[in-house]
Novice: 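Structure provided below as structure tokens; questions to follow.
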Amino acid sequence: MKKGLIFAALLSVFATFSFAQIYDDLNAFQAEKQFEEDKAKTVAIVPQEQHLSDKNGSVRIEYNPAYDEVRIYYETLYVTYDRAEAMNTVLACLLDFQNDMDSHPGKSYYHYKYLKDDKERFFKDDRGQRKAQYISYVKFSR
């Protein structure tokens, strides 16, 4: 009779510790998953000063703070597209972005490098207009 009670008590203690370990593992997995999701978030920014000479153009920045990477898109109509203007506009917007980040604590960048060659893309939008897009992909250094 005593052996049965001792066995039941040990079994219940073992089950309790096993459940606690599984619960801790589940919490750790959920915390790691949340961290990965937060790390992969990208912030879309439309610069206040876009440095455009083409009234049809627009600039959009996608910033990934976890990796300090920026993709910058210059888009305009195909007929008004000028590669030199697109490059100058992108460079000016990157410098503005770098200067704006200096005002944020812990996010002051002093240099950037290109991760890939700049790309040009030509397409038709949903209204059938021919568009040109210039894309630059850079990584900032602290």
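Computed from a predicted structure; not experimentally measured. Positions are given from 1 along the sequence.
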Novice: Could you please spell out the steps behind the side chain to side chain contact (heavy atoms under 4.5 Å, CB included) verdict for Thr89 and Leu52?
Specialist: CA-CA 6 Å; Thr89 301; Leu52 297 171; 3.7 Å; yes
Novice: Given Val79 and Arg130, is the side chain to side chain contact (heavy atoms under 4.5 Å, CB included) satisfied, shown in steps?
Specialist: CA-CA 8 Å; Val79 295; Arg130 295 176 62 199; over 6 Å; no
Novice: If you draw the axis of the six-membered ring of Phe123, does the NZ or CZ of Arg121 fall within 45° of it and under 6.0 Å from the ring centre?
Specialist: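 Here Arg121 passes the 6.0 Å and 45° test against Phe123.
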Novice: Is there a path from Tyr137 to Met87 through hydrophobic residues (I, L, V, M, F, W, Y) whose side chains come within less than 4.5 Å of each other?
Specialist: no
Novice: Can you list the steps and then say if Val90 with Asn88 is a side chain to side chain contact (heavy atoms under 4.5 Å, CB included)?
Specialist: CA-CA 5 Å; Val90 165; Asn88 291 335; over 6 Å; no
Novice: Taking the six-membered ring for Trp, are the ring centroids of Tyr78 and Phe122 within less than 6.0 Å of each other?
Specialist: yes
Novice: Determine, step by step, whether Gln50 and Ser58 satisfy the side chain to side chain donor-acceptor pair (under 3.5 Å) criterion, reporting the C-alpha distance in whole Å, the side-chain angles of both residues, the deciding distance to 0.1 Å, and the verdict.
Specialist: CA-CA 7 Å; Gln50 296 195 354; Ser58 66; 5.5 Å; no
Novice: Taking the side chain as every heavy atom from C-beta outward, state whether Pro47 and Phe97 have any pair of such atoms under 4.5 Å apart.
Specialist: no
Novice: Specify the closest pair of heavy atoms between Lys41 and Asn64, including all atoms of both residues, with the distance to one decimal.
Specialist: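 Scanning both residues completely, I find the closest heavy atoms to be O-OD1, 3.5 Å.
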Novice: With rounding to the nearest 0.5 Å, note down the distance linking CG in Leu91 to CD1 in Ile72.
Specialist: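 Rounded to the nearest 0.5 Å, the CG-CD1 separation comes to 8.5 Å.
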Novice: OG1 of Thr42 to CD1 of Ile61: how many Å apart, nearest 0.5 Å?
Specialist: 13.0 Å
Novice: Are Ile135 and Leu115 linked, directly or through other ILVMFWY residues, by side chains that come within less than 4.5 angstrom of each other?
Specialist: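 No, because Ile135 and Leu115 fall into different hydrophobic clusters, even though each may have its own neighbours under 4.5 Å.
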Novice: Salt bridge check: are Arg60 and Glu62 linked by an N-O gap of less than 4.0 Å?
Specialist: yes
Novice: For a quick check under 3.5 Å, do Gln133 and Tyr74 share a side-chain donor-acceptor pair by atom type?
Specialist: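 Judged by distance alone, the side chains do not pair up.
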Novice: Tell me if the CG atom of Asp125 is crowded by more than 12 foreign heavy atoms within 6.0 Å.
Specialist: yes
Novice: Look up atom NZ in Lys139 and atom NZ in Lys113, then write down how far apart they are to the nearest 0.5 Å.
Specialist: 7.5 Å
Novice: Among the clusters formed by ILVMFWY side chains lying less than 4.5 Å apart, do Tyr73 and Tyr63 turn up in the same one?
Specialist: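 Different hydrophobic clusters.
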Novice: In terms of side-chain heavy atoms, does Tyr81 have a donor or acceptor partner in Glu120 at a distance below 3.5 Å?
Specialist: yes
Novice: Just verifying a value: how many Å separate His51 NE2 and Leu95 CG, rounded to the nearest 0.5 Å?
Specialist: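 Spacing of NE2 (His51) from CG (Leu95) equals 8.0 Å.
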Novice: Check each of Asp82, Asp54, Asn56 against Thr76 using the side chain to side chain donor-acceptor pair (under 3.5 Å) test, and report the only one that passes.
Specialist: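 That would be Asp54.
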Novice: Go through the steps to decide whether Tyr112 and Gln98 satisfy the test side chain to side chain contact (heavy atoms under 4.5 Å, CB included), and finish with yes or no.
Specialist: CA-CA 9 Å; Tyr112 64 87; Gln98 182 178 356; 3.9 Å; yes
Novice: Just so I know, are the side chains of His111 and Phe140 near enough to count as touching, which here means a heavy-atom distance under 4.5 Å?
Specialist: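 In short, these two side chains do not touch, never coming nearer than 4.5 Å.
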Novice: For the pair Lys119 (side chain) and Ser136 (backbone), establish whether a donor and an acceptor sit closer than 3.5 Å, ignoring hydrogens and angles.
Specialist: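 Pair absent, no side-chain N/O of Lys119 close to backbone of Ser136.
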Novice: Is there a side-chain contact between Val59 and Val46, using heavy atoms and a 4.5 Å cut-off?
Specialist: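 No, every pair of side-chain atoms sits at 4.5 Å or beyond.
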